[in-house]
Amino acid sequence: MREVFITLTAISFLSVGYIYPFVVLFRNGTFKSVVGKSWAMQLVMIIVLTLGVPKFAAMVNPEFGLTMLVDNWVPDSPAIVPIMVTGWIPALIGGAVGQFARGHCLRRFPRWMNRISLPFAAEKLT
């Protein structure tokens with residue numbers, strides 16, 4: 001059970017940190033807003049994971065909540081500080097790769113890229 005929980009947590013951080021910025025910038029989103037949103041979502045996720053999940057598990061089953069804390073299922077509270085400081089880096093990497101892929105695909109498949117682009121994204125830039 002512990003491995004499943006940790007795996008799902010890692011997948012959620014991977015999707016918010018790398019995949020979400022890649023997809024948004026690949027579809028012609030704005031770089032600044034996607035990095036900020038991804039950073040904020042990572043920060044909220046780590047706070048909920050660190051403080052909320054063990055408390056909720058203890059409300060449902062006190063033994064299970066204690067097991068989560070003792071066996072290190074969730075990160076410790078000091079993990080919030082590194083996410084605050086470096087949480088924008090995965091979004092920056094994922095976004096940069098997404099923007100590079102968009103430029104490459106625009107040259108190769110312009111009609112297809114026009115179909116998948118976010119509506120009115122070009123107008124937001126001006």
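The basis for the numbers below is simple: all heavy atoms, side chains too, and nothing from hydrogens, waters or symmetry mates. For the single chain, residues carry numbers from 1 onward in sequence order. Note that the coordinates shown come from a computational prediction; the quantities given were computed from them, not determined experimentally.
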Applying side chain to side chain donor-acceptor pair (under 3.5 Å), run through Ser33 and Thr30 and close with a yes or a no. CA-CA 6 Å; Ser33 68; Thr30 60; 2.4 Å; yes
Any chance you could measure Met59, atom CE, to Lys55, atom NZ, to the nearest 0.5 Å? 11.0 Å
Same cluster (ILVMFWY, side-chain, under 4.5 Å), Val53 and Leu51: yes
Can you measure from CZ (Arg108) to CE (Met113) and round to the nearest 0.5 angstrom? 13.0 Å
Scanning both residues in full, the closest heavy-atom pair of Arg107 with Pro110 reads O-CD, 4.3 Å
Heavy-atom closest contact (Gln42 atom, Gly17 atom, distance): NE2-CA, 3.1 Å
Heavy-atom check, side chain of Phe64 versus side chain of Val60, under 4.5 Å: no
Closest heavy-atom contact between Arg102 and Phe26? NH1-O, 3.0 Å
Hphob cluster co-occupancy, Val24 + Ile93, side-chain heavy atoms under 4.5 angstrom: yes
Between Phe22 and Gln99, does a side-chain contact (heavy atoms from CB on, under 4.5 Å) hold up when you go through it step by step? CA-CA 7 Å; Phe22 175 85; Gln99 202 157 22; over 6 Å; no
hydrophobic_cluster_shared for Leu43 and Leu14, side chain cutoff 4.5 Å: yes
Do you know the tightest heavy-atom contact between Pro21 and Val16? CD-O, 3.5 Å
Nearest 0.5 Å please: distance from the OG atom of Ser15 over to the CD1 atom of Ile11. 8.5 Å
Of all residues at least two apart in sequence or in a different chain, which pass the side-chain hydrogen bond (donor to acceptor under 3.5 Å, both in side chains) check with Thr86? none
Roughly how far apart are Trp73 CH2 and Thr9 OG1, rounded to 0.5 Å? 10.0 Å
Contacts of type ring pair (Phe, Tyr, Trp, His ring centres under 6.0 Å), residue Phe100, not counting sequence neighbours: none
Got Phe13 and Leu49 here, is their nearest side-chain heavy-atom distance under 4.5 Å? yes
Hey, what do you get for CE (Met41) to CD1 (Ile46), rounding to the nearest 0.5 Å? 14.5 Å
Determine, step by step, whether Tyr18 and Val97 satisfy the side-chain contact (heavy atoms from CB on, under 4.5 Å) criterion, reporting the C-alpha distance in whole Å, the side-chain angles of both residues, the deciding distance to 0.1 Å, and the verdict. CA-CA 9 Å; Tyr18 291 102; Val97 171; over 6 Å; no
When clusters are formed by joining ILVMFWY residues with side-chain heavy atoms under 4.5 Å apart, either directly or through shared neighbours, do Met45 and Phe56 land in the same one? no
Minimum heavy-atom separation for Tyr20 and Ser38, please, with both atom names. CD2-CB, 4.4 Å
How long is the span from the CG atom in Asn28 to the CG atom in Leu106, to the nearest 0.5 Å? 7.5 Å
